[in-house]
Amino acid sequence: MSVLVLASASPSRHALLKAAGVEFKTVPAGLNEAALMDDLIAKGSKAEAIATVLAEQKATMVSRRLPGETVLGGDSVLELGTDILGKSSDMTALRLLLSKLSGRTHQLISGAALARDGQAFWHHVSRVRMTVRRLSDAFIDAYLAEEGEKLLGSVGGYHFEGRGVQLFESVAGDYFSILGLPLLPVLAALRAGGLLET
């Protein structure tokens, strides 16, 4: 069986696949996510479509460089009311976002896609409902100080598998999708494609 290629530098996606026993190598796509997202939002795209396009673009970009290889791309966006948001550009923007999320419910949309030879041939998108508890300014300051700039690599600025879980009052949906990858559908697709034992 050939080895899967992960088109992402995300530590959480890497950890999920490794823990699941998937053999893979990592080749980050280097996609300008913010520019593509801005373009899609300007064209009126919905959150599910944006997450799917971002995941597919990562997978197809890397698959063009690695003929014959199966490449997995993943991405997440956050939907807060009518706003669709990606990663925060800096810590000031992240602090503002956490203040905005405080005491409110948002949706986290995670997309995954598989591609080969520059063509996406499978995708999946999941939606998780996430309610942030009321956060004090002191908590936000302490959280940002302790977690630091690594939070800028995550949509919403939370690492749910770590201290970020303290931000939440409740969640409804797939745990793995919160970490950035709808893992069970991905594993099913890899089995269907012969990359994992059935």
Side-chain angles (χ1 to χ4, degrees), residues 8-13 15-16 31-55 57-58 73-113 123-186:
S8 172
S10 163
S12 60
R13 292 187 187 106
L16 283 174
L31 177 69
N32 185 339
E33 298 170 35
L36 179 54
M37 233 183 114
D38 288 345
D39 184 53
L40 292 167
I41 290 170
K43 290 176 178 171
S45 297
K46 302 296 184 194
E48 283 91 346
I50 293 171
T52 300
V53 168
L54 290 169
Q57 284 294 311
K58 287 180 180 179
D75 216 318
S76 301
V77 297
L78 188 155
E79 190 178 72
L80 181 65
T82 58
D83 293 332
I84 300 171
L85 307 166
K87 295 170 184 152
S88 298
S89 56
D90 55 38
M91 296 300 279
T92 301
L94 179 53
R95 194 190 193 295
L96 186 63
L97 175 61
L98 291 176
S99 295
K100 196 184 287 190
L101 294 176
S102 178
R104 298 177 67 186
T105 297
H106 66 272
Q107 308 278 331
L108 181 69
I109 296 94
S110 293
H123 74 263
H124 179 88
V125 68
S126 70
R127 179 179 279 267
V128 182
R129 180 182 169 87
M130 307 187 71
T131 300
V132 176
R133 65 181 180 82
R134 292 206 176 276
L135 306 173
S136 68
D137 289 343
F139 175 84
I140 293 174
D141 289 341
Y143 174 68
L144 294 176
E146 288 181 30
E147 296 295 299
E149 293 198 348
K150 66 183 179 182
L151 295 174
L152 298 177
S154 299
V155 170
Y158 45 80
H159 292 161
F160 195 76
E161 68 277 28
R163 186 176 167 86
V165 74
Q166 289 193 39
L167 299 169
F168 295 94
E169 184 177 293
S170 66
V171 298
D174 176 49
Y175 171 76
F176 300 115
S177 294
I178 300 172
L179 304 188
L181 193 66
L183 185 61
L184 296 179
V186 167

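Everything quoted here is computed from the prediction, not taken from an experiment.
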Test of understanding: with side-chain hydrogen bond (donor to acceptor under 3.5 Å, both in side chains), list the residues that count as partners of [X], not counting sequence neighbours.
X    : result
S126 : S177
S102 : none
S45  : none

### Query
Does H106 have any ring-ring contact (aromatic ring centres under 6.0 Å, His included) partners at least two apart in sequence or in another chain, and if so, which?
Y158
### Message
Assess the residue pair F176 and V186 against the criterion (side-chain contact (heavy atoms from CB on, under 4.5 Å)); give the C-alpha distance rounded to whole Å, side-chain angles, the decisive distance to 0.1 Å, and a yes or no.
### Response
CA-CA 11 Å; F176 300 115; V186 167; over 6 Å; no
### Message
Donor-acceptor pair, distance only, cut-off 3.5 Å: does the side chain of R104 make one with the backbone of R133?
### Response
no
### Task
Check for a donor-acceptor pair, side chain of K58 on one end and backbone N or O of G74 on the other, with a separation under 3.5 Å.
yes
Can you name the side chain to side chain contact (heavy atoms under 4.5 Å, CB included) partners of [X], sequence neighbours left out?
X    : answer
S8   : L6, S10, R13
T82  : none
Y175 : F160, E161, L179
D38  : none

#### Entry: Intermediate values then yes/no, side-chain contact (heavy atoms from CB on, under 4.5 Å), T105 and M130
CA-CA 6 Å; T105 297; M130 307 187 71; over 6 Å; no
Which atoms form the tightest heavy-atom contact between [X] and [Y], and what is the distance?
X    : Y    : value
S136 : F139 : OG-N, 2.9 Å
I41  : I84  : CD1-O, 3.6 Å
K87  : L152 : CB-O, 3.5 Å
M37  : G86  : CE-N, 3.3 Å

### Task
Enter the distance from L184:CG to H124:NE2 here, rounded to the nearest 0.5 Å.
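Between L184 CG and H124 NE2, I get 9.0 Å after rounding to 0.5 Å.
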### Task
Nearest 0.5 Å please: distance from the CG atom of D75 over to the CD atom of E33.
4.5 Å
Side chain proximity check, [X] to [Y], heavy atoms < 4.5 angstrom:
X    : Y    : result
I178 : V171 : yes
L108 : S76  : yes
K100 : L98  : no
V77  : L85  : no

### Task
Sort and list the pairs that fulfil salt bridge (charged side-chain N to carboxylate O under 4.0 Å, His left out) and have at least one residue in residues 168-178, not counting sequence neighbours.
none
### Query
Tell me, which pairs form a salt bridge (charged side-chain N to carboxylate O under 4.0 Å, His left out) where one or both residues lie in residues 138-158, sequence neighbours left out?
R95-D141, E146-R163, E147-K150
### Query
Does D83 have any salt bridge (Lys or Arg N to Asp or Glu O under 4.0 Å) partners at least two apart in sequence or in another chain, and if so, which?
none
### Message
The test is side-chain hydrogen bond (donor to acceptor under 3.5 Å, both in side chains); show your working for S154 and H159 and say whether it passes.
### Response
CA-CA 7 Å; S154 299; H159 292 161; 2.9 Å; yes
Below 3.5 Å, can you tabulate the donor-acceptor pairs from side chains in residues 46-54 to any protein atom, sequence neighbours excluded?
residue: E48; atom: OE1; partner: R127; partner atom: NH2; Å: 3.2
residue: E48; atom: OE2; partner: R127; partner atom: NE; Å: 2.9
residue: E48; atom: OE2; partner: R127; partner atom: NH2; Å: 2.6
residue: T52; atom: OG1; partner: E48; partner atom: O; Å: 2.9

### Task
Please step through side-chain contact (heavy atoms from CB on, under 4.5 Å) for the pair V125 and S110, ending with a clear verdict.
CA-CA 6 Å; V125 68; S110 293; over 6 Å; no
### Task
Evaluate the side-chain contact (heavy atoms from CB on, under 4.5 Å) criterion for residues L135 and Y143: first the C-alpha distance (whole Å), next the side-chain angles of each, then the deciding distance (0.1 Å), finally the verdict.
CA-CA 10 Å; L135 306 173; Y143 174 68; over 6 Å; no
